[in-house]
Amino acid sequence: MEAPAAPHDAGDLQLTVTSPEQMRELGRRLAKLLRAGDLLMLSGELGAGKTTLTRGLGEGLGVRGAVTSPTFVIARVHPSLGDGPPLVHVDAYRLSGGLDEMEDLDLDVSLPESVVVVEWGEGKVEELTEERLQVVIHRAVGDTTDEVRQVTVTGLGERWGTVDLSVLAA
């Protein structure tokens, strides 16, 4: 039997996703692991599938409204249609001021009762909490129609130290 992960770094899970539908399905599976107060940081090239993954999260969490890229509105709140937490979807691509600029969004207020997903959040939201899930999506760049994505999921903090991320590979 494998020893449990250290409480501050649950380790990495590597996945290969071969279609947008598989990316959405990954989001739906991931939603089953989430609860209010969870922060997810999504990284990847333009067109890697961050919003597609978030769309699946929204479906899995059962929230209202179509999950689309919030690039021009910066943040969008999707209330729960049931008794689950709302989804706060943030696109930090246009924000350059780090946490100071992010504070204007009041994410620290939303975080305790919501699932907060931040695209392009590196160097901008880490100070919100040590308890977060980092999802990095790699795709082939250049002139390609390749749909294959390499996804790395890393749980950080005590919250994720006890979560079995391998269920995402199902």
Atom pair CZ (Arg24) and OG1 (Thr54), whose distance is rounded to the nearest 0.5 Å: 11.5 Å

Backbone of Glu21 reached by a side-chain donor or acceptor of Glu25 within 3.5 Å: no

Common cluster, Leu57/Leu81, ILVMFWY with side-chain heavy-atom separation under 4.5 Å: no

side-chain contact (heavy atoms from CB on, under 4.5 Å) between Val17 and Val148, intermediate numbers included: CA-CA 6 Å; Val17 174; Val148 175; over 6 Å; no

Any donor-acceptor N or O pair under 3.5 Å, side chains Gln134, Arg132: yes

Closest contact, heavy atoms only, Ser80 versus Gly84: CB-O, 3.0 Å

Straight-line distance of Asp12 CG to Thr154 OG1, nearest 0.5 Å: 3.5 Å

Distance, nearest 0.5 Å, that separates CG of Leu40 from CG of Leu42: 6.0 Å

Shortest non-hydrogen separation from Ile137 to Glu45 and the atoms involved: O-OE1, 3.5 Å

Spatial distance of atom NZ (Lys32) from atom CG (Leu168) [nearest 0.5 Å]: 10.5 Å

Which residues share a salt bridge (charged side-chain N to carboxylate O under 4.0 Å, His left out) with Arg64, sequence neighbours left out: none

Minimal non-hydrogen separation, Arg35 against Pro85, with atom names: C-CG, 4.3 Å

Side-chain H-bond candidate by donor/acceptor type, Thr152 with Gln14, under 3.5 Å: yes

Residue that, paired with Leu133, satisfies side-chain contact (heavy atoms from CB on, under 4.5 Å) out of Val115, Leu156, Leu39, Leu165: Leu165

Residue pair Val116 / Val118: nearest heavy atoms and the distance that separates them: CG1-CG2, 3.8 Å

Leu33 and Asp164: CA distance, side-chain angles, deciding distance, side-chain contact (heavy atoms from CB on, under 4.5 Å) verdict: CA-CA 9 Å; Leu33 302 178; Asp164 181 10; over 6 Å; no

Spacing of Thr18 atom OG1 and Met23 atom CE [to the nearest 0.5 Å]: 9.5 Å

Main-chain N/O of Gln150 paired to Arg139 side chain as donor or acceptor, under 3.5 Å: no

Side chains of Val151 and Val136 in contact at under 4.5 Å (non-hydrogen atoms): no

Minimal non-hydrogen separation, Arg149 against Ala48, with atom names: NE-O, 2.7 Å

Met41 backbone acceptor or donor facing Lys50 side chain under 3.5 Å: no

Heavy-atom donor-acceptor pair, Thr129 side chain to Glu131 backbone, under 3.5 Å: yes

Check: Arg76/Thr68 side-chain N/O donor and acceptor closer than 3.5 Å: yes

Closest non-hydrogen atom pair between His89 and Val67, with its separation: ND1-CG1, 3.7 Å

Audit row: Trp120, Leu46, side-chain contact (heavy atoms from CB on, under 4.5 Å) steps and yes/no: CA-CA 10 Å; Trp120 305 97; Leu46 285 170; 3.7 Å; yes

Pro86 side chain near His78 side chain, heavy-atom distance below 4.5 Å: no

CG-OG distance between Leu87 and Ser114, expressed to the nearest 0.5 angstrom: 8.5 Å

